[in-house]
Amino acid sequence: HWLGCLLLAAVFIFAGCSEGNTDKKTIRLAHALSTSHPVHIGMERMAKLVDEKSNGQLEIAIFPSQQLGSERETLELLQIGSIGMTKVSSAALENFVPELRVYSLPYLFQNDEHALNVLNGEIGRELLLAGEEYWLRGLTYYDAGYRSFYTVNQPVESPEDLQGQKIRVMESQMSVNMVRELGGSPTPISFGELYTALQQGVVDGAENNPPSFLSSRHYEVAKYYSLDEHLMLPDLLLISTLQWDNLSEQEQKWIQEAADSSANYQRQVWAEAEEEAMEIVKEAGVEVIYPDKQPFIELTEPIYDQYRETEPEFFELIQRIKD
Ligand code: PAF
């Protein structure tokens, strides 16, 4: 009769589960990074906090590695409410939320502290919420460090070395302009397709931060990493406004608090991950170059002139924070 007991117990457990979970909501969060990436780890923390706060009633299901599409595609899915959340680079948002183009100005921030003051301050918040009118509500920023060039065939010691090199950029007009000003040939490709593109010579190089260079395994193909640190683009965690408006005030509060707290945690994880990534790629035979940044800064100045003419507002506010 132990079998009978077991069956009875199972019936109770399942009944309990389904009863307790009738109101359970699941929000799908899709992004392009692999699960070892420190930004993914930040999102896992956020999902765990939401689970705890809601007592298991609100679940954030994470789909990494471009499983549900590229950054542009996940943004489109968010706008129509097919998925609830995503995490993208601010550059991927340029075509959706033009105000965010300001972050794509090369060498915009003076240093880490300047960046943090901007992102955590009033301007950062205003820019985070600028996407609301396009159905993309920003929840928080994740640290994505500095982006630098990596190449397959020859090291980039100065901008002249970019001449004739096809460089992968995100789907961002600002990044296209930047690489062009520096003398390279910009080629927009999604992150998930880049490994093969580097391997097959579709592009000669790309640009990214150390944890992305490592976790994508691009360093297996691109053996030169030139730390010119031309961009410091934040990552943004976003929720579809269609999803947001469907949540109770309490649920919105849980998500916002979990997002904020995960961002603080992620900043700590980032610093370590960046250092570790540099060590691992060096050990794997990547040659690290520390170029003089001045020629890169000077060559990208026309981008400021173009930008200032059309939309000076945020740029000037960000400059003022520095002072
Ligand atoms: O290079 C990109 O496409 C993005 O910066 C990445 C690495 C997917 C993170 O958003």
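Just so you know, ligand 1 is whichever comes first in the structure, and atom 1 is the first atom listed for that ligand.
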Identified side-chain contact (heavy atoms from CB on, under 4.5 Å) counterpart of Val203 within the set Ile189, Ile167, Val169: Ile189
Which heavy-atom pair separates His218 from Tyr195 by the least distance, and what is that distance? NE2-N, 3.7 Å
Write down, by chain and number, every protein residue that brings a non-hydrogen atom to less than 4.0 Å from an atom of ligand 1. Ala32, Leu33, Glu71, Lys87, Ser89, Arg147, Arg168, Met170, Phe191, Asn208, Ser212, Asp235
Exercise: identify the closest heavy-atom pair between Leu49 and Ala258: CB-CB, 3.7 Å
Can you name the closest pair of heavy atoms from Ala263 and Thr140 and give their distance? CB-OG1, 3.4 Å
Pairing residues for Tyr134 by the ring-ring contact (aromatic ring centres under 6.0 Å, His included) criterion, not counting sequence neighbours: none
Hey, is the main chain of Ala284 close enough, under 3.5 Å, to the side chain of Lys223 for a donor-acceptor pair? yes
